[in-house]
Number of protein chains: 4
Amino acid sequence: MSRPDVSAQRTAEILAAATETFARLGLGTARMEDVAAAAGVSKGTLYLYFKSKDALVAALLQALFAPLTEALTLLDGAGTAEDRLTRYISATLALLEGLQSRISLVFDAFALAPRNEAVRQLMADHLHAYHAALVRTLEHGVASGEFRPVDTAQVAALLMALFDGLLQMAAVDPEAAALRTRGRGALRFVLDAIRRPPGRSA
Amino acid sequence: MSRPDVSAQRTAEILAAATETFARLGLGTARMEDVAAAAGVSKGTLYLYFKSKDALVAALLQALFAPLTEALTLLDGAGTAEDRLTRYISATLALLEGLQSRISLVFDAFALAPRNEAVRQLMADHLHAYHAALVRTLEHGVASGEFRPVDTAQVAALLMALFDGLLQMAAVDPEAAALRTRGRGALRFVLDAIRRPPGRSA
Amino acid sequence: MSRPDVSAQRTAEILAAATETFARLGLGTARMEDVAAAAGVSKGTLYLYFKSKDALVAALLQALFAPLTEALTLLDGAGTAEDRLTRYISATLALLEGLQSRISLVFDAFALAPRNEAVRQLMADHLHAYHAALVRTLEHGVASGEFRPVDTAQVAALLMALFDGLLQMAAVDPEAAALRTRGRGALRFVLDAIRRPPGRSA
Amino acid sequence: MSRPDVSAQRTAEILAAATETFARLGLGTARMEDVAAAAGVSKGTLYLYFKSKDALVAALLQALFAPLTEALTLLDGAGTAEDRLTRYISATLALLEGLQSRISLVFDAFALAPRNEAVRQLMADHLHAYHAALVRTLEHGVASGEFRPVDTAQVAALLMALFDGLLQMAAVDPEAAALRTRGRGALRFVLDAIRRPPGRSA
DNA sequence: GATGAATGAGGCTTCATTCAT
DNA sequence: AATGAATGAAGCCTCATTCAT
């Protein structure tokens, strides 16, 4: 009945400010001072909640990826495989659009991954969970007769690559973005390619 | 017939050393001293050839992307559209595998792009040239009857995203990579999807 | 009633240390490290109080000239023109003797002036105020009949040049200095030359 | 009958270029590279003619002061003391106006003097020779009855200070310069003050 | 003599982190 | 818990000087 949430809330505030600041200035460029200013606290306070800049970055990236990982549950929901994929992709595209300004953090994370084990692990875990969920869904579709008997691992990887790539392109060339449109088009393309032709069974 | 190549060669040596060093340590982490040591010259010499660390990074990224841009000419060569795409993708996958250890530089570049106009421009230019060449090739294929009348801009974007995404995933999870295998599989998948069914006209 | 003086005091300490250090080693030769050591703080602390070495130098020169400019008020005090001039020169000579060891800073400032607009402005402002005050005093003396109807602007410039020159010579050749003696002698010489001969009006 | 003058000429060229360059950029700011470029030779060549930057500066200042010292012979020429003083001051003012753009070097030299024994010696020597010549001339004037029996050492110092001061003021505030006009006015002022009143002997 | 590429010591400045209050 | 002044290691860059050609 004490208030552990007081500091929990402060932690969240700092994390939010750090996310905004690091996204705007870059992981390497943003200074702890900048984060402190954005959070409305002093530099010293940052160190009461996070051991170091690295720890703050790690926590921040974890928080950034959490909703994306959580959205994977949509792939194990009810409905046809196609429904699930569509639902998941819609939700994810919405999440990504919500990330908007924070998108550059994702690239900072990718750049960091090969040289920071914690970050690499974090991202690898996400990608594995992502891949596994896609494979399960695709196999469900194949088993149910929705999809042709494709190489599910291969198609899963292809779908992941597709969306990562779209995200990346959107970041470099935001005008040509239309991330949501492109994303849906890409899914449709893949579904068209793996869907079992309708009148085929006749 | 004098020796303008003296500097040219030294420039190339420094660029090579810088590439290796920045790839290994990261654009932000590597120090000019590290580059100098790798190049076997003194710190001061670096500044004889490049005005600043930023200039060195810019030159290095330009050099990194040049062969990738150059490979685009394969898309405008002879043969069917499918041949050209296959040839180009093979060449590019080979290039990327050759990049191997330097691949993290690409991600550093992506992370830098939103905050460094020179880098953003460099990458945007490459992506535009890439997209235009793909569109040309796909339209050729559609005109010749190889491909179904697909939305070429959309498919081109999809192909680009696909390969960028594969590259990205390969970096985070190098073991599951098999970049070349995955890449060819992805191309085959797309080609299968857009190829005009053989006996269809009958 | 908080402690805005904490920084104010530290600022003053640093300024004092910088003055001593720059005077001893020269504006160009002294390192920020030297100043820090003299102030008993770390290098980083210097930058908490002054944006750069240049800013520190500018602040220091401003502080150096302030008392000299302030002494000009003596020229507008009570008494005959001759009293005022004598009083002012005495006070200024005392100030300059107090500057003693810091005198080389004045020459550094003169050397800097043509190439540093802030410094040039600072000194030009002082010289203009100086000249104007002298002219006012001389004109008062002419109006009151103390002085012959001389060209006051010219005599003012001459007085200024005289004292600047004495200062300069004292710096190069400190032994022959006797700045105070020479200074008083110079003033007497000028006063003798412009004073209206006593019984002349008879 | 060889050509020792070849290198003598080259030495002079370098000295001229150095003078212009150091005057323009400042003794501390100008780089050996700048001097080399101005002289139209390579950096290495500079070191064939001068052992170091310091040596170059010393030679340059010596050359700068030489004509001023030489002009002192005019004080020992023919004519009345007043003639000689007038002639000398005219010649010197012309020299100084010729120095124009190089005038800031004089202040660099004054700033350097307290911390560079060679420079201090050079300037002290000049000032002593200057003072001695003035004293001689004034004493000649007193002896001949041109001047009142003034304290010649004191008046000599006063004259020197006067002209040094005028020079200094001209540098800080070039617009109010009119160095030549002010200089002549100053001399006239002093002569008027020490000249024996014409009909006085009667 | 002349060159200019190469050197490396050294200066200015930044910033993650600490700690006394 | 919170602060923010203080620290000092470390990075980028400059430039006087050297030396092989």
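Just so it is clear, the model here is predicted, and its values are computed rather than measured. Naming convention: chains lettered A, B, ... in sequence-line order (proteins, then strands); numbering from 1 in each chain.
- In this structure, C:Ala36 reaches neither bases nor backbone, as no heavy-atom distance under 4.0 Å exists between it and the strands shown.
- At least one donor-acceptor pair closer than 3.5 Å links the side chain of C:Thr19 to the backbone N or O of C:Leu15.
- Of the possible polar contacts, one joining the C:Ser104 side chain to the C:Ala23 backbone as a donor-acceptor pair under 3.5 Å is found.
- Between D:Tyr47 and D:Met32 the shortest side-chain heavy-atom distance falls below 4.5 Å.
- In this structure, A:Asp34 places its CG atom 16 Å from C1' of F:dG4, rounding to the nearest Å.
- A salt bridge links C:Arg115 with D:Asp108: the closest approach of a Lys/Arg side-chain nitrogen to an acidic carboxylate oxygen falls below 4.0 angstrom.
- If you measure from atom CD of B:Glu33 to atom P of E:dT7, you get 12 Å, rounded to the nearest angstrom.
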- Task: Could you walk me through whether C:Phe107 and C:Ile103 pass side chain to side chain contact (heavy atoms under 4.5 Å, CB included), step by step?
- Result: CA-CA 7 Å; C:Phe107 299 102; C:Ile103 232 162; 3.9 Å; yes

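- Taking atom CG of residue D:Leu25 and atom C1' of nucleotide F:dA16, one finds them 16 Å apart after rounding to whole Å.
- With hydrogens and angles ignored, the 3.5 Å screen pairs no side-chain donor or acceptor of D:Ser7 with any backbone N or O of D:Arg10.
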- Item | C:Leu112 vs C:Arg120, side chain to side chain contact (heavy atoms under 4.5 Å, CB included): CA-CA, chis, key distance, verdict | CA-CA 8 Å; C:Leu112 215 54; C:Arg120 203 197 60 73; over 6 Å; no

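- No contact: A:Ala55 has no heavy atom under 4.0 Å from any strand.
- Interface remark: the C:Lys43 side chain does not form any donor-acceptor pair with the F:dT7 base, using a distance-only criterion of under 3.5 Å.
- If you check E:dC15, F:dT7, E:dT17 against the side chain of A:Arg31, the one that comes closest is E:dC15.
- Across E:dA16, F:dC12, E:dC12, the shortest atom-to-atom separation from the side chain of B:Tyr47 is found for F:dC12.
- Side-chain proximity of C:Lys53 to E:dA6, E:dT13, F:dA2: nearest is E:dT13.
- Heavy-atom nearest nucleotides on DNA chain E were determined for A:Ser52 and for B:Val41, and the one closer to the 5' end corresponds to B:Val41.
- Side-chain nitrogen and oxygen atoms of A:Tyr49 include at least one within less than 4.0 Å of the OP1 or OP2 phosphate oxygen of F:dA2.
- Side-chain proximity of A:Arg10 to E:dA6, F:dT7, F:dA2: nearest is F:dA2.
- Nearest to the side-chain atoms of A:Leu48 among the listed nucleotides F:dA2, F:dA6, F:dC13 stands F:dA2.
- Per the geometry, CZ belonging to A:Phe50 stands 16 Å off C1' belonging to F:dA2, to the nearest Å.
- Comparing A:Leu46 and B:Thr29 by the nucleotide of DNA chain F that holds the closest heavy atom to each, the one mapping nearer the 5' end is A:Leu46.
- Summarising the geometry, the separation between CE on A:Met32 and P on F:dA2 is reported as 15 Å, rounded to the nearest angstrom.
- Each end of the helix from E:dA2-F:dT21 to E:dT21-F:dA2 gets its own rotation axis from five pairs of C1' atoms, and the angle between them is 10° to the nearest 10 degrees.
- Nearest-nucleotide positions on DNA chain E place B:Gly44 closer to the 5' end than the other of C:Thr45 and B:Gly44.
- Put simply, the side chain of D:Leu56 does not reach to within 4.5 Å of the side chain of D:Lys53, judged on heavy atoms.
- Between the C1' atom of F:dA16 and the CG atom of D:Leu27 lies a distance of 14 Å, rounded to the nearest Å.
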